[in-house]
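In what follows, a single structure is set out as structure tokens and then discussed.
Being a predicted model, the structure only gives us computed values, none of them experimental.
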Amino acid sequence: MIFQSEATPFNHTGAHLERVEMIENRNRPIYEHAIWCVRAGRFVEAGRLCSHLIQSSTRQGDATHFYAGQFAQRLAGFDETFFFPSDAIVDSESPRSKRMLELNAAMHDFQAKNFTDARLKFAHVCDQLGTFRNADSYTACSFNWLASSVRLEILTRNQKTRPNTESLKPIWTRIVQQLAKAGERFQEELPHAHREIAWYYGINGNASHGGSHSSQIALRSLRLSVLSAQRLGMAHEEYQTLLCWNAWMNNEDFHVPSMNQQEAERLKELESRQTPAAPAPKVNYRTEVSLIESLTDMLSFGNSSSVPDEALAGFDLSKVFELHK
């Protein structure tokens, strides 16, 4: 679909900034509600909101919300390609606009299972932010998606005959150490953050001598993910976490305790809501759960070799997370 609009000339900086602020105030609530609908599992409603946001931001020349609308649209399971005329973009040179464009491209790679490319693009956004303290409600998700990309890259590489993930393990550790702090500042990111923390300890804990302690952390993180999702009304986030938990219970490589009766019943209730009328997003539990079968090889961390240096080009985690040796 191609949208066309004419650029509005601005001869006065004050008038230009006033118009940008007016457009921001109109489009920001639409984007935030669309993202919430995705996390709540209301994909059809999210798709309608995204379509409206993309079309209105095109008419207004609002690059930030054009790319933000596409990002939310991908999360909702709808992937359309739009052409945005460059001469109509009001804020195309703004840092946030550029970051939303890159987040959109990173999510495209993630959903296409190009996890290395997705990891590098999410990492570049995080590098530009420098720390989660410089993020906003548009870019805070980049830290969680970076953790997801690294994890899935490790899992998929370890499905191969010769695992090649050793250099990714320190990166994964450093990312996970920051997720809870980022989630505390941006509450809407907590369900995803705690789920990634649970994945980390559920996988690494059983490959180390501190397996029991790590399993306890994984269990605690699973419950925190569920509770935060319930508190925020994000039923789809809750569903993804319970599905991961259920899959781990059936895999001998994870020593995660079984759900209690209330949690098991909640999973059944959420499963009953999954209907063809509400298309599942492309980024969902199936990509992740299907990889659990490869955990035996993946858990053999000592046999992993290093990732080629060129694959990590531009990835400066010391700058991103301000870690101290």
Side-chain angles (χ1 to χ4, degrees), residues 1-108 125 128-129 132-142 144-145 182 185-189 192 232-234 236-237 278-279 281 283:
M1 182 180 295
I2 298 178
F3 295 116
Q4 299 289 346
S5 64
E6 296 181 358
T8 302
F10 293 98
N11 298 319
H12 191 275
T13 301
H16 172 78
L17 294 176
E18 182 178 350
R19 181 170 183 267
V20 171
E21 183 178 359
M22 179 181 67
I23 292 172
E24 161 83 10
N25 291 337
R26 287 180 179 176
N27 290 339
R28 184 186 185 108
I30 300 173
Y31 170 70
E32 291 180 344
H33 187 56
I35 286 291
W36 179 84
C37 284
V38 173
R39 290 165 168 163
R42 294 160 58 172
F43 305 119
V44 173
E45 182 179 353
R48 287 197 296 265
L49 287 168
C50 291
S51 178
H52 171 74
L53 181 60
I54 289 169
Q55 293 185 53
S56 64
S57 61
T58 302
R59 290 192 301 270
Q60 298 158 352
D62 179 3
T64 292
H65 289 95
F66 174 81
Y67 298 130
Q70 283 193 323
F71 180 74
Q73 188 180 53
R74 292 186 191 281
L75 290 181
F78 304 97
D79 186 3
E80 297 183 48
T81 301
F82 295 86
F83 171 75
F84 198 94
S86 60
D87 62 350
I89 299 179
V90 171
D91 63 340
S92 61
E93 295 303 315
S94 71
R96 190 172 63 181
S97 173
K98 292 178 178 179
R99 288 167 191 158
M100 290 312 300
L101 172 60
E102 190 154 12
L103 281 177
N104 194 26
M107 185 54 63
H108 174 78
V125 174
Q128 294 298 309
L129 292 171
F132 66 85
R133 295 180 182 85
N134 295 328
D136 56 19
S137 60
Y138 293 79
T139 55
C141 66
S142 58
N144 282 334
W145 286 113
R185 180 166 182 172
F186 301 95
Q187 295 286 301
E188 66 275 15
E189 301 299 332
H192 190 174
L232 295 166
M234 297 177 176
H236 183 64
E237 292 288 340
V283 182

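- Every residue was checked against the salt bridge (charged side-chain N to carboxylate O under 4.0 Å, His left out) condition with E102, not counting sequence neighbours, and none meets it.
- Rounding to the nearest 0.5 Å gives a distance of 9.5 Å between CD1 of I23 and OG of S56.
- Pairing each heavy atom of V38 with each of A72, the nearest pair is CG2-O, 3.9 Å.
- Residue F186 holds its CZ atom at 7.0 Å from OG of S137, rounded to the nearest 0.5 Å.
- The nearest pair of heavy atoms linking A34 to A46 is O-CB, 3.8 Å.
- Proximity of Q60 to Q55: side-chain heavy atoms (C-beta onward) are nowhere separated by under 4.5 Å.
- Closest of all the heavy-atom pairs between G233 and A40 is O-CB, 3.5 Å.
- Shortest non-hydrogen contact noted between R96 and T64 is NE-CG2, 3.5 Å.
- Atom CZ of residue F66 and atom CD1 of residue I54 lie 6.0 Å apart, to the nearest 0.5 angstrom.
- Interatomic distance, S57 OG to Q70 CD, rounded to the nearest 0.5 Å: 8.5 Å.
- Counting only residues at least two apart or on different chains, the salt bridge (Lys or Arg N to Asp or Glu O under 4.0 Å) pairs with a member in residues 32-41 are R28-E32, R39-E189.
- Side-chain contact between L101 and F71 is absent, with no heavy-atom pair separated by less than 4.5 Å.
- L103 CG to R99 CZ: the interatomic distance, rounded to the nearest 0.5 Å, is 9.5 Å.
- Considering every non-hydrogen atom in both E45 and H33, the closest pair reads OE2-NE2, 3.2 Å.
- Side-chain contact between R48 and V44: present, with at least one pair of heavy atoms (C-beta onward) separated by less than 4.5 Å.
- The two residues L75 and M107 have their closest heavy-atom pair at CD2-CE, 3.7 Å.
- Within the 4.5 Å cutoff, side-chain heavy atoms of H236 are placed close to those of F43.
- Panel note: side chain W36, backbone L232; a donor-acceptor pair is recorded below 3.5 Å.
- When the side chain to side chain donor-acceptor pair (under 3.5 Å) test is applied to E188, no partner is found at least two apart in sequence or on another chain.
- Applying the side chain to side chain donor-acceptor pair (under 3.5 Å) criterion to T139, with sequence neighbours excluded, gives D136.
- Judged as a side-chain contact (heavy atoms from CB on, under 4.5 Å), and not counting sequence neighbours, the contacts of I30 are N27, L49, H52, L53.
- With sequence neighbours left out, the side chain to side chain donor-acceptor pair (under 3.5 Å) criterion links Y138 to H65.
- Of the inter-residue distances, the one linking Y67 atom OH with D62 atom CG reads 10.5 Å to the nearest 0.5 angstrom.
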